[in-house]
Amino acid sequence: MPLSPDPYAALRNAAKYVKQFRSKTFVVKLGGAVLSDPRTRKTACEQIALLWAFSIRPVVVHGGGPELDALCDALHLPIEKAAGRRITSAPVLDAAKMVLAGKLHTDLLADLQAAGVPAVGLSGVDAGLIKARRRPPVMVTEPGETQGRMVDYGLVGDIESVDTRVVEHLRSADYVPVIAPLSGGQDGAVYNTNADTVAAAIAAALHAEKLFFMVEVPGLLKDVSDPSSIISLATLADLASLEAEGRLTGGMRPKAHAMRHALVGGVGSVHLVSGKQSDALLEEVFTNEGSGTMVVREHPVKHGEARG
Ligand SMILES: Nc1ncnc2c1ncn2[C@@H]1O[C@H](COP(=O)(O)OP(=O)(O)O)[C@@H](O)[C@H]1O
Ligand SMILES: CC(=O)N[C@@H](CCC(=O)OP(=O)(O)O)C(=O)O
């Protein structure tokens, strides 16, 4: 239970974290499953507003995979993914711009504004925030398969550099940047880049204290079909074992890669929390037990020590 029957004890406990995290950078990645339901999107925005109210400095990165799937469907464009990443033709990239830097992005900004967050929207293309190179064809092996296959992802960008100046500029004026997962290449090219990958690159470049992935599931699961198999604390080695055992499928594969990138890049901890369960983000930040999964580079936090 997150809150003790004594509200003052709960407040005292939370105050410890409020003090610890004041002025710290938290990157919060909102997954498509959270964004596609207006109610869960609003709840996520309200939790981000509370972090902001407690002087934590959030930077938001959003996905939008399910909405992009829906638009592709409506436009009769193929939906093809390999290892959790979209194969992106020129018309699919146009659809991605419409969703990720268009409707979904604007709706999220409006919800953040309504919750009291001074949000400003950007994509990775703005001010050269994320520079990428077109991904060359690569060998991909799906879980359960023994043989890999060559995949040409099309107009998908592999991140080459992150220039956080525009983000810092906004933050110095107390705005909260909200970043869409598109990236810019040479000669005006625009690429589709997985939002988890973008979130990890941004978190590492900003030396964030924490990176949160808000997802549909309660956290990292030993068995994806069993929500009660949640893993509360994991190291990079645990993550590698789960992957080797084929326990990470679909969108969890780029997420695991992103977690590794962020932690190796200096982010203090990465957290997987439910975007469906109300207040799961707050519970993860402001309680000892947390609500989801905390991933750290190596072992770890001593028993009873602050998880947040
Ligand atoms: N071991 C696992 N633990 C938790 N989720 C997993 C696992 N393996 C696969 N998944 C799937 O990964 C999904 C999260 O990735 P993804 O769909 O890309 O999320 P989002 O787009 O919301 O960020 C979960 O909803 C779940 O279906
Ligand atoms: C290359 C690639 O896979 N890009 C993603 C970008 C959006 C995304 O990552 O959205 P979620 O966080 O909701 O999955 C896509 O086209 O779906």
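Indexing begins at 1, ligand by ligand and atom by atom, following the structure's order.
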Inset, instruction - Looking only at protein heavy atoms, identify the closest one to atom 3 (N) of ligand 1 and say how far it is in Å. - result: L221 N, 2.9 Å
Inset, instruction - Kindly compute the distance separating CE (M252) from CZ (F213), expressed to the nearest 0.5 Å. - result: 9.0 Å
Legend entry - Carboxylate-amine/guanidinium contact R253 E142, below 4.0 Å: yes
Please list, one pair per line, the donor and acceptor atoms closer than 3.5 Å that link side chains of residues 82-93 to other protein atoms, with sequence neighbours excluded.
| from | atom 1 | to | atom 2 | distance (Å) |
| --- | --- | --- | --- | --- |
| R85 | NH1 | T197 | OG1 | 2.9 |
| R86 | NH1 | D69 | OD1 | 2.8 |
| R86 | NH2 | G65 | O | 3.2 |
| R86 | NH2 | D69 | OD1 | 3.0 |
| T88 | OG1 | R86 | O | 3.2 |
| T88 | OG1 | N192 | ND2 | 3.1 |
| S89 | OG | V92 | N | 3.3 |

Legend entry - Nearest-option assignment for atom 14 (C) of ligand 1, heavy atoms, candidates H62, K255, K29, K276: K255
Legend entry - Spacing of CG belonging to D158 relative to CZ belonging to R133, to within rounding of 0.5 Å: 7.5 Å
Inset, instruction - Tell me which protein heavy atom sits closest to atom 8 (N) of ligand 1, plus the residue, atom name and distance to 0.1 Å. - result: T249 N, 3.3 Å
Inset, instruction - State, without any angle test, whether K210 and S269 hold a side-chain donor-acceptor pair at a distance under 3.5 Å. - result: yes
Legend entry - Short side-chain donor-acceptor distance under 3.5 Å, T193 and S183: yes
Legend entry - Protein contact of atom 22 (O) of ligand 1 - nearest heavy atom, named by residue and atom, plus distance: G31 CA, 3.4 Å
Legend entry - NZ/NE/NH1/NH2 to OD/OE distance under 4.0 Å, E168 and R171: yes
Legend entry - Closest approach of any protein heavy atom to atom 25 (O) of ligand 1, naming residue and atom: V217 CG1, 3.7 Å
Legend entry - Among L35, I231, V224, closest by any non-hydrogen atom to atom 10 (N) of ligand 1: V224
Legend entry - V27/V61 under side chain to side chain contact (heavy atoms under 4.5 Å, CB included): CA gap, chis, key distance, verdict: CA-CA 7 Å; V27 174; V61 176; 4.1 Å; yes
Inset, instruction - Please report which non-hydrogen protein atom sits nearest to atom 16 (P) of ligand 1, along with the residue it belongs to and the distance in Å to one decimal place. - result: G251 CA, 3.8 Å
Legend entry - Partner of L239 under side chain to side chain contact (heavy atoms under 4.5 Å, CB included), chosen from M259, R247, H257: M259
Inset, instruction - Mark the output for G32 as yes if a heavy-atom distance to ligand 1 is under 4.0 Å, and as no if none is. - result: yes
Quick one: table the atom pairs, ligand 2 N or O against protein N or O, below 3.5 Å, distance rounded to 0.1 Å.
| from | atom 1 | to | atom 2 | distance (Å) |
| --- | --- | --- | --- | --- |
| ligand 2 | 3 (O) | R86 | N | 2.9 |
| ligand 2 | 4 (N) | N192 | OD1 | 2.9 |
| ligand 2 | 4 (N) | N192 | ND2 | 3.4 |
| ligand 2 | 9 (O) | A195 | N | 2.9 |
| ligand 2 | 10 (O) | G64 | N | 3.0 |
| ligand 2 | 10 (O) | G65 | N | 3.1 |
| ligand 2 | 12 (O) | K29 | NZ | 2.5 |
| ligand 2 | 13 (O) | G32 | N | 2.9 |
| ligand 2 | 13 (O) | G64 | N | 3.0 |
| ligand 2 | 13 (O) | G65 | N | 2.9 |
| ligand 2 | 16 (O) | R86 | NE | 2.6 |
| ligand 2 | 16 (O) | N192 | ND2 | 2.9 |
| ligand 2 | 17 (O) | R86 | NE | 3.3 |
| ligand 2 | 17 (O) | R86 | NH2 | 3.0 |

Legend entry - Distance-only polar pair, side chains of D238 and T235, donor-acceptor under 3.5 Å: yes
Inset, instruction - Run the salt-bridge test on K42 and D111 with the 4.0 Å N-O cut-off and return the result as yes or no. - result: no
Legend entry - Whether G219 lies under 4.0 Å from ligand 1, heavy atom: yes
Inset, instruction - Give the contacting part of M252 toward ligand 1: side chain, backbone, both or neither, where contact means a heavy-atom distance below 4.0 Å. - result: both
Legend entry - For the student: nearest non-hydrogen atoms of Q47 and L282, plus distance: OE1-N, 3.2 Å
Legend entry - Atoms in ligand 1 with a heavy atom of R247 nearer than 4.0 Å: 1 (N), 2 (C), 7 (C), 8 (N)
Inset, instruction - Give a yes/no on ligand 1: does K222 have at least one heavy atom closer than 4.0 angstrom to it? - result: no
